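Taking it in order: structure first as structure tokens, then the write-up.
Residue numbers run from 1 in the order of the sequence given. No experiment lies behind these values; they were computed from the predicted model shown. Basis for what follows: all heavy atoms, side chains included, without hydrogens, waters or symmetry-related copies.
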Amino acid sequence: GLIVPSLCHYKRENNETEAMAAGVMDTGRRMPDDDFYDDLKEDEDEALRVKEHMGIVYLQHVINVESNTDESIHNLLMRFLVTDGSDDELVQFLKFSQHVDKQFALRLATELNRVPARVEIYFSMGFVTEAVHLALSVGNVPLAKEYIVAIKPGIAGVESSDPRLLRQSLWDDVIAY
């Protein structure tokens, strides 16, 4: 129970005190890199970025190694990736995770203008045309092509229409672009 609140509201001194009081932390050991965090106090943005990166590494371990399926854990990792991860890392996570709240992810990706993530979220929600048009609207033709090629029967939003007709229509949009 102490790890996730610690990641959400990281304050080393308070978390160590809580962990020691709960008996889950050896009083002879300290959290790593104490001096490193002290050096970062001058640059709060950099300190936050480093802490979020540590959260990314930890949450990836929890999800990938320990097979955690808790939506709040997946959403927290997605939040960290939106604010501090690469586009490739974020998109791969969104493709992999079935436990992310897509509407929450879309809101965050929109707020921080993470277009590749928004395209993936639209596509996974079945808004195939919107996904391709969004990629084209920012001039990312290769991304639009990638999602057109990925259209197959059984994908959300494609069941009611013929995938060939949808692909042809979207290829026409790419040509018109």
Side-chain angles (χ1 to χ4, degrees), residues 1-10 15 19 24 48-171 173-174 177:
L2 292 175
I3 299 296
V4 174
S6 297
L7 288 172
C8 293
H9 305 286
Y10 185 81
N15 293 330
V24 295
L48 180 59
R49 190 194 66 73
V50 168
K51 289 173 188 173
E52 285 186 351
H53 175 73
M54 291 175 59
I56 289 170
V57 172
Y58 175 75
L59 291 172
Q60 285 173 333
H61 170 81
V62 168
I63 291 168
N64 297 329
V65 175
E66 298 179 16
S67 303
N68 183 292
T69 58
D70 187 335
E71 184 177 285
S72 63
I73 298 294
H74 285 249
N75 285 338
L76 183 58
L77 176 55
M78 186 271 313
R79 181 195 159 280
F80 285 167
L81 289 172
V82 166
T83 58
D84 197 43
S86 70
D87 282 334
D88 290 340
E89 194 175 29
L90 176 57
V91 169
Q92 285 304 312
F93 176 70
L94 290 169
K95 286 181 179 181
F96 160 76
S97 178
Q98 300 299 313
H99 306 288
V100 169
D101 179 347
K102 300 289 186 186
Q103 291 180 353
F104 174 65
L106 183 59
R107 189 186 82 227
L108 283 177
T110 301
E111 286 174 7
L112 294 172
N113 200 28
R114 300 295 296 267
V115 174
R118 290 172 55 201
V119 171
E120 171 58 32
I121 295 165
Y122 278 136
F123 190 82
S124 69
M125 292 174 76
F127 303 119
V128 177
T129 303
E130 290 83 353
V132 172
H133 287 170
L134 176 60
L136 290 174
S137 74
V138 296
N140 196 335
V141 175
L143 185 63
K145 289 179 180 179
E146 175 186 335
Y147 282 91
I148 292 172
V149 169
I151 296 172
K152 294 181 178 32
I155 292 177
V158 178
E159 295 91 357
S160 62
S161 63
D162 184 358
R164 290 175 293 144
L165 294 175
L166 179 58
R167 273 196 303 272
Q168 182 59 50
S169 170
L170 293 173
W171 282 122
D173 293 343
V174 170
Y177 173 76

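What you find for Y147 and E120 is that their closest heavy atoms are OH-OE1, 2.6 Å. For the residue pair L106 and I121, the shortest heavy atom distance occurs at N-CD1, 3.6 Å. Smallest separation of non-hydrogen atoms from L77 and I63: CD2-CD1, 3.6 Å. Closest non-hydrogen pair, R167 versus I151, comes out as NH1-O, 2.5 Å. Between T83 and R114, the shortest heavy-atom distance links the atoms N-NH1, 4.3 Å. For the residue pair L143 and P116, the shortest heavy atom distance occurs at CD2-CA, 4.0 Å.
Looking at Q98 and H74, their side chains never come closer than 4.5 Å, going by heavy atoms from C-beta outward. Counting heavy atoms from C-beta outward, I73 and L76 have side chains that stay 4.5 Å or more apart.
In terms of the ring-ring contact (aromatic ring centres under 6.0 Å, His included) criterion, H61 has no residue partners (sequence neighbours excluded).
One finds the CE atom of M78 at 12.0 Å from the CD1 atom of I56 (value rounded to the nearest 0.5 Å). Interatomic distance, CG of L134 versus OG1 of T129, reported as 12.5 Å (0.5 Å rounding). Atoms CD1 and CG, from I148 and L136 in turn, are 6.5 Å apart once rounded to the nearest 0.5 Å. To the nearest 0.5 Å, atom CG of residue L112 and atom CZ of residue R118 are 11.0 Å apart.
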Decide side chain to side chain contact (heavy atoms under 4.5 Å, CB included) for K95 and Q92; before the verdict, give the C-alpha distance in whole Å, the side-chain angles of both, and the deciding distance to 0.1 Å.
CA-CA 5 Å; K95 286 181 179 181; Q92 285 304 312; 4.2 Å; yes

Go through it in stages, so that I can follow the logic: the residues are L90 and F80, the test is side chain to side chain contact (heavy atoms under 4.5 Å, CB included), and I'd like the CA-CA distance, side-chain angles, deciding distance and then a yes or no.
CA-CA 9 Å; L90 176 57; F80 285 167; over 6 Å; no

What verdict does the side chain to side chain contact (heavy atoms under 4.5 Å, CB included) test give for V174 and L170, after you've listed the backbone C-alpha separation in whole Å, the side-chain angles of each residue and the deciding distance to 0.1 Å?
CA-CA 6 Å; V174 170; L170 293 173; 5.8 Å; no

Run the side chain to side chain contact (heavy atoms under 4.5 Å, CB included) test on E146 and V119 for me, step by step, so that the C-alpha distance in whole Å, both residues' side-chain angles and the decisive distance to 0.1 Å come before the verdict.
CA-CA 11 Å; E146 175 186 335; V119 171; over 6 Å; no

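Atom CD of E111 is surrounded by more than 12 heavy atoms from other residues, nucleotides or ligands within 6.0 Å. By the neighbour-count criterion of 12 heavy atoms within 6.0 Å, atom NZ of K102 is densely surrounded, having more than that number from other residues, nucleotides or ligands.
Side chain of N64 to backbone of Q60: a donor-acceptor contact under 3.5 angstrom is found. In this structure, the side chain of N75 engages the main chain of D101 through a donor-acceptor pair within 3.5 Å.
For the 3.5 Å distance criterion, the side chains of D88 and S86 fail to qualify, holding no donor opposite an acceptor.
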